[in-house]
Amino acid sequence: EIVMTQSPDTLSVSPGERATLSCRASQDVSSDLAWYQQKPGQAPRLLIYGASTRATGIPARFSGSWSGTEYTLTISSLQSEDFAVYYCQQYHDWPPLTFGGGTKVEIK
Amino acid sequence: EVQLLESGGGLVQPGGSLRLSCAASGFTFSRYTISWVRQAPGKGLEWVSGISGDGADTYYADSVKGRFTISRDNFKNTLSLQMNSLRAEDTAVYYCAKDRNWADGFDVWGQGTIITVSS
């Protein structure tokens, strides 16, 4: 099973600042990685797939990149609606599909 | 509008059974793998089970293998999850989620249904 490790657990950021979230895979997932945003009481929303392709309707301030087994979600200028929990998920080798533990982005 | 709508959640005793349903609309249901993903209270996301578009292939997490059975009816555009031998650790919000294409991210999610396993 591929283990996905996200860091940090919580990220405190001021509105307008840049946020950088990390996700490390326990083995190569060949950019078969998605990022999701989840707000309290809501279902997750797909942000990024293929490690760097924005899903339909996702603003350009969200971007994904990777190097080796380290994947990064960057939010270039945080808006009030971006404060949420973010999850990465690998779909390279499954079952099982595996998620990271999540990073909570909170207002500083 | 593309939509998934879960139902069937509730309170069940340990060792009991429950059947969840997910009604799909707004897309060609039979073309897509659909999964169940759960979230325990205050915890992260856990993939539970998936089924291919034609229903021929089913997949399970080790934590539910042998206890849960996923199925689909492509005529009625519905997905089901039969949950037997339920445990306290199965307590969670259960979401059905549609693959974007083939196991490349879930682009449509239901609103979730809550399962509580408790005596």
Side-chain angles (χ1 to χ4, degrees), chain A residues 1-10 21 23 25 29-58 62 64 66 71 73 84-105, chain B residues 1-7 9 20 22 24 26-27 32-52 57-66 68-70 92-114:
Chain A
E1 172 177 329
I2 298 178
V3 177
M4 308 301 292
T5 304
Q6 290 187 242
S7 61
D9 291 337
T10 303
L21 290 67
C23 173
V29 299
S30 298
S31 71
D32 292 334
L33 184 121
W35 288 96
Y36 301 88
Q37 176 193 68
Q38 188 180 33
K39 297 179 181 179
Q42 296 185 17
R45 178 174 71 143
L46 178 66
L47 298 175
I48 300 280
Y49 62 92
S52 62
T53 303
R54 281 189 302 277
T56 303
I58 302 303
F62 292 92
W66 76 97
Y71 291 80
L73 175 69
V85 180
Y86 292 82
Y87 295 95
C88 62
Q89 177 229 331
Q90 70 81 22
Y91 49 86
H92 180 67
D93 185 13
W94 69 284
L97 293 164
T98 50
F99 292 89
T103 291
K104 180 180 180 180
V105 177
Chain B
E1 181 189 4
V2 178
Q3 197 169 14
L4 296 171
L5 186 63
E6 303 93 339
S7 60
L20 304 184
C22 172
F27 64 99
Y32 295 94
T33 295
I34 310 286
S35 285
W36 291 97
V37 177
R38 69 185 180 184
Q39 187 168 35
K43 302 298 184 183
L45 301 170
E46 179 189 15
W47 175 82
V48 171
S49 180
I51 185 167
S52 60
D57 298 304
T58 58
Y59 312 92
Y60 298 94
D62 285 347
S63 58
V64 306
K65 201 174 293 183
F68 291 10
T69 302
I70 192 171
V93 176
Y94 284 72
Y95 297 99
C96 57
K98 167 191 166 292
D99 274 7
R100 196 186 70 86
N101 277 317
W102 166 248
D104 60 348
F106 300 120
D107 65 344
V108 180
W109 295 68
Q111 88 290 348
T113 189
I114 299 173

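Order of the sequence lines fixes the chain letters, A, B, ..., with proteins taken first and strands second; residue numbering starts at 1 for each chain. Computed from a prediction, not measured in an experiment: that's the story for all the values here.
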task = Using non-hydrogen atoms and a 4.5 Å limit, figure out which bit of A/Gln42 sits close to chain B: side chain, backbone, both or neither.
result = backbone
message = I'd like to verify something: which residue of A/Arg45, A/Gln89, A/Gln38 has the highest number of heavy-atom pairs under 4.5 Å with chain B?
response = A/Gln38
remark   = What one should report as the nearest heavy-atom pair of A/Ala34 and B/Gly105 is CB-CA, 4.3 Å
message = Heavy-atom cut-off 4.5 Å, strictly under: side chain, backbone, both or neither for B/Val37 against chain A?
response = side chain
request  = Name the region of B/Tyr95, side chain, backbone, both or neither, that has any atom closer than 4.5 Å to a heavy atom of chain A.
outcome  = side chain
inquiry  = Please give me the minimum heavy-atom distance between A/Cys88 and A/Gln6, naming the atom from each residue.
reply    = N-OE1, 3.0 Å
message = Tell me whether B/Lys98 is salt-bridged to B/Asp107, with the criterion being a basic N under 4.0 Å from an acidic carboxylate O.
response = yes
task = Provide the closest heavy-atom pair for A/Leu21 versus A/Tyr86 in the form atom of the first, atom of the second, distance.
result = CD2-CB, 3.4 Å
ask   = Going by distance alone, is a donor N or O of one side chain under 3.5 Å from an acceptor N or O of the other, for B/Ser35 and B/Trp47?
value = yes
query = Does any heavy atom of chain B fall under 4.5 Å from the side chain of A/Ala43, the backbone, both, or neither of them?
reply = both
key: Under 4.5 Å from a heavy atom of chain B, the part of A/Trp35 involved   = neither
